[in-house]
Number of protein chains: 2
Amino acid sequence: MATLKDVARLAGVSVKTVSNVVNGYSFVKPDNRARVEAALEATGYRPNLGARNLRRGRTGFIALVLPELSIPYFAELAGLVIAAAQEHEWNVLIEQTFGTLSGERLALASLGPHLVDAAILSPEALQVDDFQLSVPAVLLGEHAVDVPISRVGIDNVAAAKTAVGHLVSLGRKRIAAIGAHPQRGTAALRLEGYRAALAEADLEFAPSLVVPALNYHRADGAAAMKSLLDLRNPPDAVFCFNDLLAIGAMRAAAERLVRVPHDLAVVGFDNNEESLYSSPSLTSIAPDKAAIASAAVDLLHSRAGSPDLVPADVQTPFSLLVRESTVAR
Amino acid sequence: MATLKDVARLAGVSVKTVSNVVNGYSFVKPDNRARVEAALEATGYRPNLGARNLRRGRTGFIALVLPELSIPYFAELAGLVIAAAQEHEWNVLIEQTFGTLSGERLALASLGPHLVDAAILSPEALQVDDFQLSVPAVLLGEHAVDVPISRVGIDNVAAAKTAVGHLVSLGRKRIAAIGAHPQRGTAALRLEGYRAALAEADLEFAPSLVVPALNYHRADGAAAMKSLLDLRNPPDAVFCFNDLLAIGAMRAAAERLVRVPHDLAVVGFDNNEESLYSSPSLTSIAPDKAAIASAAVDLLHSRAGSPDLVPADVQTPFSLLVRESTVAR
DNA sequence: CTCGGTATTTACATCGTTGGAACAACGATG
DNA sequence: CATCGTTGTTCCAACGATGTAAATACCGAG
């Protein structure tokens, strides 16, 4: 692999002049510039990023800490973050926590200024004390704990209220919720939106219709749905805190020969592509994931120099996409 | 951020002694070692990986080049590769190509020995000439072109034959295939397996039943299925070259009120988790993704020093998971 | 008490790059 | 022709770590 030194020798100039050409410094004589460029071409020179970053005091990487890539929401988001990071010449390092406290702590511990310039975090279990970060960071989604770190995400209360309001407008009376979780901030907010929508419609809040989910996988949704269908008085609608839960719930309903949406209307959250092709297709809250990704990256970029500004709270848009799981074809 | 120098000053020893302690060098006097360790603890020292790698001539990263993270198969695989890479103290850099030739060339060009130690590639369109790699690499899946690069993956011909053989054993006579593609090596092999299974069952090969798909997304599967259902004599079974195509196909069938599996049996390929929860659930070829991921990483690791051994061809196991899309509950 | 050998530590150079200061070349000015 | 400011180039140090080799400390044997 060619280094600056090789190029310099070939072009008959000093290393620094080559460096100047590479970095677009103006004051280089045309003929020297031409010779250097020819030599760059001839050697196929590519800067050693490690050395450059060592010298510049940055790493060229940002970390994306998320529960699991096999969860479609995070996979899609990761793809968008990678694309957004490219615009700022950042490479993205993905760390999976599997949603556990220990996994998240481990990931955080491995984050140092020597490894990444900044981090995008999607924590689920972290406590206040854990947020002793050595690099600028942005949190995705809500966090239960109150820490002075910027946040990017949608208004979960409003989104949940919209979703449940939709079910109410369809005339559903016994509306269940799947996805309550003691630790997760987003879960608490979505539950709050759920209750607000019920209250607004003068529907009674029934604790028995709120089912917790430890993980937000399809299997959890199916299990939760089964327990709801076992109730003496089962629901006629269900709001799931993410699409995977909803997919699992619809599967469980199908196995019990409960018709969706006729007997049971289902709304999800995240708008995974999967939900557009399920049978029936799934009504879902659609956050603007590209907006989340680019807002997070831009925020980190703009703050790269000035670490301790007042934390930002960026609200990205969302919409409700009505499909067959609530309104039949 | 503390450096070796800071630690050395605090412990009252030279920088190199600290380095020796950090790297587990044996000949350090116990009391010095203790003082250094205390100083390490006190300063919270973390090695600067950039500097270390610059000195060692490695980067600590491997690249994973794949079409798109929003495709579940690749998202799942990426998660497994990250986990496997951790075992060898490697970080994973993900590059998306979106399945285009230009995207793949771009990704390959950005790979240099200064950026990554090795690469795992999942190319779809690359030509022979493109494989001028400057780092050790492993290819996932088949490649149409013949290049001296190690490969990890399942036996696509055998897998396809198994899938179609299953449809044959159910008594299906008009078996279609969705996913033919002029460029992709895997597509050619799966088609070969399809034809072999037909031949073995004395079923005629009908070109009209083979539908190409440019991308392997759900939408392509739906479009292909629609064209098959428009035939004067539509198929009674379809083998889709991946699960997303199959999901799209099942959706299209449902929209035309074609019953799966009664009127149409469907088999997919990849065994995405999504396929277990669709209605009906999808029969699919299940490659052992964890085996693929760890085989690829291990191969790169074992060859890190010796670049040009004879390329390996690792065949990982697969199985056929029979579900409701071929055999009703 | 010196010598020889081993154990332990240190100084120094180095990886490839860039910032800063010093320096050289140049035409223009007085 | 000396001086000056501008432009262009080079030299040197530094980023933080590690390999090499030289230097020092330590030990028992002679």
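Labels below follow one simple rule: chain letters A, B, ... track the order of the sequence lines, proteins then strands, and each chain is numbered from 1.
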query: So which heavy atom on Ala78(B) is nearest to which on Leu69(A), and how close?
result: CB-CD1, 3.7 Å
message: Please list all pairs meeting ring-ring contact (aromatic ring centres under 6.0 Å, His included) that have one or both residues in residues 13-32 of chain B, counting only residues at least two apart or in different chains.
response: Tyr25(B)-Phe27(B)
message: Under the rule for salt bridge (Lys or Arg N to Asp or Glu O under 4.0 Å), what residues qualify as partners of Asp288(A), not counting sequence neighbours?
response: none
task: List for me each residue that meets salt bridge (Lys or Arg N to Asp or Glu O under 4.0 Å) alongside Arg33(A), sequence neighbours excluded, and say none if there are none.
output: none
Pair Val152(A)-Leu299(A), side-chain contact (heavy atoms from CB on, under 4.5 Å): steps then yes or no: CA-CA 9 Å; Val152(A) 173; Leu299(A) 205 56; 4.1 Å; yes
- prompt: Looking at DNA chain C, which of residues 33-54 of chain B put a heavy atom within less than 4.0 Å of it?
  reply: Leu54(B)
- request: Going 5' to 3' through nucleotides 22-27 of chain C, assign each nucleotide B (protein heavy atom under 4.0 Å from a base atom), S (under 4.0 Å only from sugar-phosphate atoms) or - (no protein heavy atom that close).
  value: ------
- request: Considering non-hydrogen atoms only, spot the tightest contact between Ile120(A) and Ala296(A) and give its length.
  value: CD1-CB, 3.9 Å
task: Write out all pairs satisfying side-chain hydrogen bond (donor to acceptor under 3.5 Å, both in side chains) with one or both partners inside residues 44-58 of chain B, taking only residues at least two apart or from two chains.
output: Asn23(B)-Arg56(B)
message: Test: ring-ring contact (aromatic ring centres under 6.0 Å, His included). Region: residues 55-79 of chain A. Which pairs qualify, not counting sequence neighbours?
response: Phe61(A)-Phe61(B)
query: Does a donor on one side chain and an acceptor on the other come within less than 3.5 Å for Ser110(A) and Glu95(A)?
result: yes
- request: Would you kindly give the CG-to-C1' distance between Asn20(A) and dG20(C), to the nearest whole Å?
  value: 12 Å
- prompt: How close or far is atom P of dT20(D) from atom CG of Asn23(B), stated in whole angstroms?
  reply: 13 Å
- request: Examine the base of dT18(D) for any acceptor or donor lying under 3.5 Å from a partner atom in the side chain of Arg55(B), and report the outcome as yes or no.
  value: yes
- request: Nearest whole angstrom, please: distance from the P of dG19(D) to the CZ of Arg58(B).
  value: 12 Å
- request: May I have all residue pairs that pass ring-ring contact (aromatic ring centres under 6.0 Å, His included) and include part of residues 96-118 of chain B, sequence neighbours excluded?
  value: none
Glu124(A): partners by salt bridge (Lys or Arg N to Asp or Glu O under 4.0 Å), with sequence neighbours left out: Arg184(A)
query: Given that both pair distances must be under 3.5 Å and the pair must be Watson-Crick or G-U, what runs of three or more consecutive pairs involve DNA chain C?
result: C:1-30 with D:1-30
- line: Tyr25(A) OH to dG20(C) C1', in whole Å, measures 11 Å
query: In terms of the angle between their ring planes, are Trp90(A) and His301(A) parallel, tilted or perpendicular, with boundaries placed at 30° and 60°?
result: perpendicular
DNA chain C contacts among residues 11-19 of chain A, heavy-atom distance under 4.0 Å: Val15(A), Lys16(A), Ser19(A)
- line: Contacts of Glu76(A) meeting salt bridge (Lys or Arg N to Asp or Glu O under 4.0 Å) (sequence neighbours excluded), chain-then-number -> Lys289(A)
message: Please report the distance, rounded to the nearest Å, between NZ in Lys5(A) and P in dT10(D).
response: 16 Å
